[in-house]
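Below is one structure; the comments refer to it alone.
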Amino acid sequence: MSLSKTYNPREVEDKWYSHWLEKNYFHSEPDEREPYTVVIPPPNVTGVLHMGHMLNNTIQDVLVRRARMLGKNACWIPGTDHASIATEAKVVQKLREEGLKKSDLSREEFLKHAFEWKDKHGGIILQQLKKLGASCDWERTHFTMDPKYSESVIDVFIDLHKKNRIYRGNRMVNWDPEALTALSDEEVIYKEVNSKLYHVRYKIDNTTDQWLTIATTRPETILGDTAICVNPNDKRYTNLHGKSVIVPISNRVVPVICDEYVDMEFGTGCLKITPAHDTNDHEIGLRHQLETISIFNSNGTLNENGLHYEGKDRFEVRKAIEKELEQSGYLIKIEDHINKVGFSERTNAIIEPRLSLQWYVNMQELSKPALDNVMNGNVQFYPEKFKNTYRHWMENIKDWCISRQLWWGHRIPAWYYGEGKEEFVVCKTLEEAVELASAKSGKNIGEKDLKQDEDVLDTWFSSWLWPISVFNGLTDKENEEINYYYPSNDLVTAPEIMFFWVARMIIAGYEYMGDLPFKNVYYTGIVRDKLGRKMSKSLGNSPDPIELIENYGADGVRVGILISSPAGNDLPFDSSQCEQGRNFTNKVWNAYRLISSWESKNIEQPISSIKAIEWFESKYNQSLEEINDLFDKFRISDALMAIYKLVWDDFCSSYLEIIKPGYQQPIDDKTLKQSILFFEKILLIMHPFTPFVTEELWHVLSKERRETDIIVSSWPEKKEIDLQVLNTFNYCDKVITQIRNFRKEQQISNKIKLDLYLIENKEIDRSFDSVISKIGNLTKLEYAEEKVAKAHSFLIDSNEFFIPFGEGIDMEQEMKKLHEDLDYTKGFLKSVQGKLNNERFVSNAPQNIVDIERKKEADALGKIEVLEKKISALS
RNA sequence: GGGCGAUUAACUCAGUUGGUUCAGAGUGCCUCCCUUACAAGGAGGAAGUCGGGGGUUCGAGUCCCUCAUUGCCCA
């Protein structure tokens, strides 16, 4: 035999992937078939493949390949996201390494560098996906900053502005002092940190020595205090109502105000109010018309309101001010304190709440259809539990801050012609702006008088259009492709971006297409390491996917990653799972090796083979039905497991063993032909999970198939299942197990032939006796009338089986087993009779349940009788 | 602090309307076997008070309450 004992994925993977590409199988064009569309969650353009992508894209590929085989026009759109903050940060860092500062560059120069970077590093991840076997339509690769795509983003901005859904507002934003940009709420990560709670006393104005004490975690913001607030119901402080206090260091006189917002239990019950630097304080400030004093610059250093601290960093100032407060007697005490602090998702800088003028989308009305259509099931979530989370967020949705103080991205199409709050127009081009601005202002405004907004849009403001704009559904409305492919079918993504992305795509879908963007959303879990930690670069606990593919083969990795990862569950990943996957591909490979080694002749077909074929036909169809059902429910792991067991247990361990001819014996033509057909049917259902090994075997297995490719072959049709055959095989399997057990207990080699006698107390379907004889390696299988002496015996469904043994009888062992069996059955009978003697059970339980119990009782009684007879016969 | 989940074998998970497809699967573990497809293999086996406690019911892994532990989302 010249075939390798083990499957070698390296030899076949590149070959078939190139072949598929050459044949253009991944490419889709609208036609008369039913479309099946999936849009990839676009990875960051400069990203590299990690385990999360592996999981996510394997699932998509499984779905897409199966849809293709089901005869649908499958279209999987790949692409990348410009990821404004992440990419800009990378470019800035790269420039810094080259000695260039962003601030020294013009916008145009910077963007030139950024595009160079993108062209060089962009899309590596897409190349990596090919190694995994992803069957994306590469001709349709999109990038969220492609010209057409960008145009649609700008159009949407203009449109929403026209509809009064976009407005410009001076609001508290999450400011990233490192990236120097505002962030959306979703980009802020709150973490618990050990900090300190400073108790500081403020002197009450117009007194010589009366004080109140506040508690704060941010003493540096004292310089921006414009009030002290107490709860109006707090009896301790009624004396303060209407008074003023003197802020330490700045010596500003500020009022004491009352607001129920203050938690009387926390700290001292006196809250200092800094409207410029805290969201809640800002709201209190608005309610009480307080002055707002900003003390920070955009980069987190103090401004001129910071007095002698001007120019110093906020954390440096915190230390310094602690000292100053202490020296001047204002600091009462410092307590340890745990509080939650917001960090920038991208730069990890501590977020500074900051008042600034930003662009917002009013989400109230816009989001309604998106909530309704998920709740009513038009858009299905898998698993469904995420609907709750979704609803909670959608019902409390806040306006979306969409401007970012960056250069890499879609520049906001707003043009300013003056300093006034309303002195701007929103439109696509400078020419239009001239016209609109002139009209709006009533003045003659030229190009030079206009200045475009410096900011770009939030990345998600472009990716929320992904399912539409990859088909140019906005720039070229009603075009053939958008009409054909939209809405897409399944979206596979991580629950972490349910709000960033999924919810907003649904919103955009209803707003711009009047329809859902996808029918099903499959949420994957987070890939974690063995210890349950999230996989991350900094921890270094993430295996390199490409290395895994090299070690275990793409098919092995695909199986390994899917074998136990139900939707929505985190996946604790361990490379041993890939080992299991690799072993699976190897198993199939060896099944092929076996079949290919047989020489066929026109000889009589053994009955055992005929029966095996009958059985496997039904078994296959039973599994196929189950697998189809699991796919319909998006239970991808379970579908894989069902296939795994069908292949390994049923096809290899049972079927092939039954039909296997003796050593160097030929096989009959019919059986071989049928076995190859079975093998092909198995390859077909395996294909979505293990595309490479199945394509390889498809081609070598039979000559007829060499002209076709499995990737474009049809998913098998389900045929009838003969339950009788399946039941009889189960019985046969039980007998075989008993024979094997006997051999093992008595240490009788498989090579030694045995006799089997049986007393048929209950009718037996004898059709699989030839199979029992073959697998059990029996010389004879005889139906007897009387018990056989000096024999090992066992019971299956009240039928008695005997294997006579020669000299080395272990009688004790036999007796022990009989007694164990008897004890168990007696206990079982007792519990059944307990139920039946309970009048309430008999009168309340449905008749069929009672009947079942009665039958159990009868069976148990019969079995006990047989066992007792045997025991007395042996003793 | 608010919301949503989870807890079943050593590990990862199934368990649809309460009742024979109810205590399951895969991996791991143990025993025996290098048997002529595959030791990346074969055959067999052990292993769980279904997180604790209450309740409803003839009957609870499944429904209700409560506690504990834990995860995620939001502030």
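These values consider heavy atoms only, across backbone and side chains, with no hydrogens, waters or symmetry-generated copies. The model shown is predicted, which means the values in this text are computed figures rather than measured ones. Chain letters run A, B, ... following the sequence lines, proteins first and then strands; every chain starts at 1.
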*Indicate, with yes or no, if the rings of A/F794 and A/F801 have centres closer together than 6.0 Å.*
yes

*Nearest-Å distance for atom pair CZ/P, residues A/F678 and B/A37*: 21 Å

*Does the A/T493 side chain pair with the main chain of A/Y523, one donor and one acceptor, at a distance under 3.5 Å?*
no

*Starting at atom CD of A/Q665, determine the distance to atom C1' of B/A37, rounded to an integer number of angstrom.*
17 Å

*Determine the Euclidean distance between corresponding C1' atoms of B/U12 and B/A68; express it in Å to zero decimal places.*
24 Å

*What nucleotide among B/G44, B/C74, B/G26 has an atom nearest to a side-chain atom of A/T737?*
B/G44

*To the nearest Å, give me how far apart CD1 (A/I595) and P (B/U36) are.*
19 Å

*Short side-chain to backbone donor-acceptor contact, A/R504 and A/F500, under 3.5 Å*: yes

*asked:* Work out how far the C1' atom of B/C73 is from that of B/U20, and round it to whole angstrom.
replied: 41 Å

*Could you give the distance separating B/G48 and B/G24 at their C1' atoms, to the nearest angstrom?*
11 Å

*What nucleotide, of B/G26, B/U35, B/C4, holds the atom closest to the side chain of A/T389?*
B/C4

*What is the distance from NE2 of A/H392 to C1' of B/G5, rounded to the nearest Å?*
14 Å

*Residue A/N388, side-chain heavy atoms: nucleotide from B/C4, B/A75, B/A37 that is nearest*: B/C4

_Value in whole Å for how far the P atom of B/C72 lies from CZ of A/F386_ = 12 Å

*Can you say whether the rings of A/F678 and A/F616 are parallel (under 30°), tilted (30 to 60°) or perpendicular (over 60°)?*
perpendicular

*asked:* Taking only side-chain N and O atoms of A/N396, does any of them lie within less than 4.0 angstrom of OP1 or OP2 on B/C74?
replied: no

*Identified pairing partner of B/C72, criterion: Watson-Crick or G-U wobble below 3.5 Å*: B/G3

_CG on A/N730 to NZ on A/K619, rounded to 0.5 Å_ = 7.0 Å

*Determine, stepwise, if the pair A/F651 / A/Y620 fulfils ring pair (Phe, Tyr, Trp, His ring centres under 6.0 Å).*
CA-CA 9 Å; A/F651 187 66; A/Y620 178 87; 9.3 Å; no

*CD1-CZ distance between A/I803 and A/F742, expressed to the nearest 0.5 angstrom*: 5.0 Å

*Roughly how many Å is it from OH in A/Y390 to C1' in B/C74, rounded to a whole number?*
16 Å

*Atom OH of A/Y663 and atom C1' of B/U36: how far apart are they, to the nearest Å?*
4 Å

Using atom names, set out every protein N or O paired with an N or O of nucleotides 10-14 of chain B below 3.5 Å, distance rounded to 0.1 Å.
{"unit_1": "B/U12", "atom_1": "O2'", "unit_2": "A/S564", "atom_2": "OG", "d": "2.7"}
{"unit_1": "B/C13", "atom_1": "OP1", "unit_2": "A/D570", "atom_2": "O", "d": "3.2"}
{"unit_1": "B/A14", "atom_1": "O3'", "unit_2": "A/R635", "atom_2": "NH2", "d": "3.0"}
{"unit_1": "B/A14", "atom_1": "O2'", "unit_2": "A/R635", "atom_2": "NH2", "d": "3.0"}

_Work out how far the P atom of B/G61 is from that of B/U8, and round it to whole angstrom._
15 Å

*In the strands shown, is B/G51 matched to any nucleotide by a Watson-Crick or G-U wobble pair with both distances under 3.5 Å, and which?*
B/C67

*Nearest whole angstrom, please: distance from the P of B/C73 to the CZ of A/R391.*
19 Å

Polar atoms only, N or O, under 3.5 Å: list the protein pairs with nucleotides 38-41 of chain B and their distances.
{"unit_1": "B/C38", "atom_1": "O4'", "unit_2": "A/N590", "atom_2": "OD1", "d": "2.8"}
{"unit_1": "B/C38", "atom_1": "O4'", "unit_2": "A/N590", "atom_2": "ND2", "d": "3.4"}
{"unit_1": "B/C38", "atom_1": "O2'", "unit_2": "A/N586", "atom_2": "ND2", "d": "3.3"}
{"unit_1": "B/C38", "atom_1": "O2", "unit_2": "A/K587", "atom_2": "NZ", "d": "3.1"}
{"unit_1": "B/C38", "atom_1": "N3", "unit_2": "A/K587", "atom_2": "NZ", "d": "2.8"}
{"unit_1": "B/A40", "atom_1": "O4'", "unit_2": "A/N583", "atom_2": "OD1", "d": "3.0"}
{"unit_1": "B/A40", "atom_1": "O2'", "unit_2": "A/N586", "atom_2": "ND2", "d": "3.0"}
{"unit_1": "B/A40", "atom_1": "N3", "unit_2": "A/R582", "atom_2": "NE", "d": "3.3"}
{"unit_1": "B/G41", "atom_1": "OP1", "unit_2": "A/N583", "atom_2": "ND2", "d": "3.3"}
{"unit_1": "B/G41", "atom_1": "O3'", "unit_2": "A/K587", "atom_2": "NZ", "d": "3.2"}

*5'-most contact on RNA chain B: A/C652 or A/Y644, nearest heavy atom basis?*
A/Y644

*Which residue lies toward the 5' end of RNA chain B, A/I526 or A/I563, if each is placed at its nearest nucleotide?*
A/I563

Restricting both atoms to N or O, compile the protein contacts to nucleotides 29-31 of chain B shorter than 3.5 Å, with distance only.
{"unit_1": "B/U31", "atom_1": "O2", "unit_2": "A/K744", "atom_2": "NZ", "d": "2.4"}

*Complementary nucleotide for B/U12 - Watson-Crick or wobble, under 3.5 Å*: B/A25

*Can you tell me the pairing partner of B/A40 across any strand shown, Watson-Crick or G-U wobble, with both distances under 3.5 angstrom?*
none

_Does either side chain, that of A/S675 or that of A/Y655, offer a donor lying less than 3.5 Å from an acceptor on the other one?_
yes

